[in-house]
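For reference, the structure is listed below as structure tokens.
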Amino acid sequence: MAAYSIIPVHHPLKTLTQPLKSKTFKPQTIKCKPATIITSKLRAAVIGGGPAGSSAAEALAAGGIETYIFERSPEAAKPCGGAIPLCMLDEFSIPSDLIDRKVTQMKIISPSNLTVDFGKTLKPHEFISMVRREVLDSFLRLRAEDRGATLIKALVTNIELPISEKAPYIIHYISNNTQSSLAVDVIIGADGANSKVAKSIKAGHYTCAIAFQERIKLPEGKMKYYENLAEMYVGNDVSPDFYAWVFPKCDHVAVGTGTVCSRQNIKQFQDAIRNRVKHKIHGGKIIKVEAHPIPEHPRPTRVRGRVALVGDAAGYVTKCSGEGIYFAAKSGRMCGEAIVRASENGEKMIGEADLRREYLRKWDNDYFSTFKFLDILQRIFYGSNAAREALVELCGDE
């Protein structure tokens with residue numbers, strides 16, 4: 001059994017407030033609270049409170065493991081296109097009132113403006129769900145808390161690695177202008193493409209695309225056009241190696257693009273997608289501008305010691321489509337359940353071999369071929385305008 005603990009953490013919704021930005025902290029005024037050690041079951045920390053982290057925390061807590069979620073800004077809106085597949089609604093019990101739009105038309109537009117609606121292959125009851133990340137993430141975090149996980153609104157500043165095989169990891173963090181520490185047995189890194197957890201275990205680097213998106217509030221008549229319609233645009237003008245999009249939200253649309261090979265020109269590509277849809281968004285007002293990195297392949301190392309990476313931190317974003325929300329939640333849940341099994345519901349310590357066997361091997365067996373196939377598709381169809389024209393024609397073939 002694990003035997004490590006630290007200062008008590010009170011329920012975050014009652015005692016923790018919004019963390020201040022790091023630049024406002026004065027080191028000389030910060031008081032460090034020393035760690036204490038008590039006897040308990042296995043303790044797990046999940047760094048990051050998005051779909052990956054929340055799903056991992058829910059699985060851990062439901063399995064009887066003492067679980068903490070670290071999220072710096074729970075109220076923040078995460079930059080994201082927001083499309084999730086229909087299967088995620090049932091698999092993760094997502095209530096319908098979280099869905100902004102049920103898209104039944106999904107058009108792809110070629111460089112020559114050839115337009116194909118590949119949404120026509122959807123069955124009458126099928127649709128693509130559009131959500132806002134701030135809404136989805138909040139729901140998943142609250143559900144993890146209901147299962148027994150403790151949310152800590154804090155900025156993780158450092159992770160101290162164990163000095164022996166069964167010694168604890170020490171997480172140093174700042175919350176409420178106070179620096180504190182927490183000792184845990186297992187860590188799940190769900191803290192995105194710029195993962196601090198990945199850096200702490202020297203998990204290696206990966207190539208990232210940059211996604212740029214503007215949320216644009218449209219006049220009522222213009223918004224009506226996008227009521228159940230999402231659009232994808234391909235062409236060298238909007239991206240040399242990816243696609244641009246117009247995705248509908250509750251009362252606005254998200255207009256954006258992404259690229260790996262020409263990140264310095266991202267605003268030029270954003271101007272281009274705005275130009276291609278200018279008659280459809282005329283009169284709209286930009287209400288938010290967002291940019292974020294998108295992993296292009298899995299990290300070289302996803303498990304080291306008693307630390308596992310999930311979601312964007314692990315590099316689980318599909319090529320060709322850029323889908324990341326479902327695979328983030330899926331990997332988080334899979335990793336959490338793996339720790340529960342290996343530790344016998346928190347009754348015994350686990351090691352790297354357990355994480356590799358119960359989590360990593362299962363993930364690779366289930367999804368490696370999917371990621372590889374979509375990588376090949378992106379290389380074939382996103383390399384030139386001629387190939388993109390072929391892609392759009394292919395999408396029109398039922």
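Please read all numbers here as calculations on a predicted model, not as lab measurements.
Rounding to the nearest 0.5 angstrom, the gap separating the CZ atom in Arg147 from the OG1 atom in Thr67 is 12.0 Å. Phe242 contributes atom CZ, which lies 9.5 Å from atom OG1 of Thr259 (distance to the nearest 0.5 angstrom). For the atom pair Ser239 OG and Ile266 CD1, the distance stands at 7.0 Å (nearest 0.5 Å). Thr115 contributes atom OG1, which lies 10.0 Å from atom CD1 of Ile108 (distance to the nearest 0.5 angstrom).
Side-chain atoms of Thr301 never come within 3.5 Å of backbone atoms of Val303 as a donor-acceptor pair (strictly under, hydrogens ignored). Checked by atom type and distance alone, the side chain of Arg306 pairs as donor or acceptor with a backbone atom of Glu165 at under 3.5 Å. Proximity of a side-chain donor or acceptor of Thr257 to a complementary backbone N or O of Val238 within less than 3.5 Å is detected. Side-chain N or O atoms of Ser54 include none that pairs as donor or acceptor with a backbone N or O of Pro51 at under 3.5 Å. No donor-acceptor pair closer than 3.5 Å links the side chain of Gln378 to the backbone N or O of Ile380. Between the side chain of Asn158 and the backbone N or O of Ile171 there is no donor-acceptor pair closer than 3.5 Å. Formation of a donor-acceptor pair under 3.5 Å by the Glu58 side chain with backbone atoms of Ala144 is not found in this model. Panel note: side chain Ser200, backbone Ile159; no donor-acceptor pair is recorded below 3.5 Å. Between the side chain of Glu214 and the main chain of Ile216, no donor-acceptor pair closer than 3.5 Å is present. With hydrogens and angles disregarded, no donor-acceptor distance shorter than 3.5 Å links the side chain of Gln213 to the backbone of Gly256.
For the 3.5 Å distance criterion, the side chains of Glu389 and Ser110 qualify, holding a donor opposite an acceptor.
The residues Glu66 and Arg43 are annotated as salt-bridged, a charged nitrogen and a carboxylate oxygen being separated by less than 4.0 angstrom. Ion pairing of Asp191 with Lys199 is absent here, as no side-chain N (NZ or NE/NH1/NH2) approaches a carboxylate O to less than 4.0 Å. A salt bridge is absent between Asp146 and Arg143; no separation between the charged side-chain nitrogens and carboxylate oxygens falls under 4.0 Å. For the pair Glu358 and Lys362, the salt-bridge criterion is not met [side-chain N within less than 4.0 Å of a carboxylate O]. Ion pairing between a basic and an acidic side chain is recognised when a charged N comes within 4.0 Å of a carboxylate O; Lys120 and Asp117 show no such pairing.
Between Trp363 and Tyr316, the gap from one ring centroid to the other is short of 6.0 Å. Remark: aromatic rings of Phe327 and Phe371 are close, center separation under 6.0 Å.
For the side-chain contact (heavy atoms from CB on, under 4.5 Å) criterion with Leu155, the lone passing option out of His172, Gln179, Arg72 is Arg72. Looking at Lys280, Arg276, Gln105, Lys107 one by one, the single match for side-chain hydrogen bond (donor to acceptor under 3.5 Å, both in side chains) with Glu231 turns out to be Lys280. Of the candidates Lys249, Arg215, Lys288, Glu134 forms a salt bridge (charged side-chain N to carboxylate O under 4.0 Å, His left out) with just one, namely Arg215.
No single ILVMFWY cluster, assembled from side-chain heavy atoms under 4.5 Å apart, contains both Ile109 and Leu394. In terms of hydrophobic clustering, with Ile, Leu, Val, Met, Phe, Trp and Tyr side chains grouped at heavy-atom distances under 4.5 Å, Trp245 and Val277 are assigned to different clusters. Cluster annotation: Phe118 and Leu229 are assigned to distinct hydrophobic clusters (Ile/Leu/Val/Met/Phe/Trp/Tyr, side-chain heavy-atom contacts under 4.5 Å, transitive). The cluster map of Ile, Leu, Val, Met, Phe, Trp and Tyr, joined by side-chain heavy atoms under 4.5 Å apart, puts Val234 and Ile273 in different clusters. Using a 4.5 Å cut-off between side-chain heavy atoms of Ile, Leu, Val, Met, Phe, Trp and Tyr, with links allowed through other members, Phe212 and Ile210 fall into the same hydrophobic cluster.
Taking the centre and axis of the six-membered ring of Phe381, the NZ or CZ atom of Arg388 falls outside the cone set by 45° and 6.0 Å.
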Go through it in stages, so that I can follow the logic: the residues are Met223 and Glu227, the test is side chain to side chain contact (heavy atoms under 4.5 Å, CB included), and I'd like the CA-CA distance, side-chain angles, deciding distance and then a yes or no. CA-CA 6 Å; Met223 194 66 215; Glu227 183 176 8; over 6 Å; no

Starting from the C-alpha separation in whole Å, work towards a yes-or-no answer on ring-ring contact (aromatic ring centres under 6.0 Å, His included) for Tyr243 and Tyr233. CA-CA 6 Å; Tyr243 67 88; Tyr233 290 80; over 10 Å; no

Side chain to side chain contact (heavy atoms under 4.5 Å, CB included) between Arg299 and Leu309, worked out: CA-CA 9 Å; Arg299 284 192 190 272; Leu309 302 177; 3.6 Å; yes

Is there a side chain to side chain contact (heavy atoms under 4.5 Å, CB included) between Val310 and Val46? Walk through the geometry before answering. CA-CA 10 Å; Val310 296; Val46 181; over 6 Å; no

Test Glu337 against Tyr359 for side-chain hydrogen bond (donor to acceptor under 3.5 Å, both in side chains), laying out the working first. CA-CA 8 Å; Glu337 291 174 344; Tyr359 160 54; over 6 Å; no

Checking Glu347 against Lys41 for the salt bridge (charged side-chain N to carboxylate O under 4.0 Å, His left out) test, could you report, in this order, the C-alpha distance in whole Å, the side-chain angles of both residues, the deciding distance, and whether it holds? CA-CA 6 Å; Glu347 294 296 335; Lys41 297 174 69 173; 3.4 Å; yes

Please step through side chain to side chain contact (heavy atoms under 4.5 Å, CB included) for the pair Phe92 and Tyr326, ending with a clear verdict. CA-CA 9 Å; Phe92 287 86; Tyr326 173 72; 4.0 Å; yes

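Between Asn228 and Thr104 there is a side-chain heavy-atom pair separated by less than 4.5 Å. For the pair Cys208 and Glu296, the minimum side-chain heavy-atom distance is 4.5 Å or more. In this structure, the side chains of Ile84 and Leu89 come closer than 4.5 Å at one or more pairs of heavy atoms. Within the 4.5 Å cutoff, side-chain heavy atoms of Tyr173 are placed close to those of Ser180.
Remark: Gln264 CD is packed, more than 12 non-hydrogen atoms of other residues, nucleotides or ligands lying under 6.0 Å away. Within 6.0 Å of the OH atom in Tyr225, the count of heavy atoms belonging to other residues, nucleotides or ligands exceeds 12. Counting heavy-atom neighbours within 6.0 Å of Arg379 CZ, excluding the residue itself, gives a total of 12 or less.
Of all non-hydrogen atoms in Pro95 and Phe139, the two that sit nearest each other are CD-CZ, 3.4 Å. The two residues Leu42 and Ser343 have their closest heavy-atom pair at CD2-CB, 3.8 Å.
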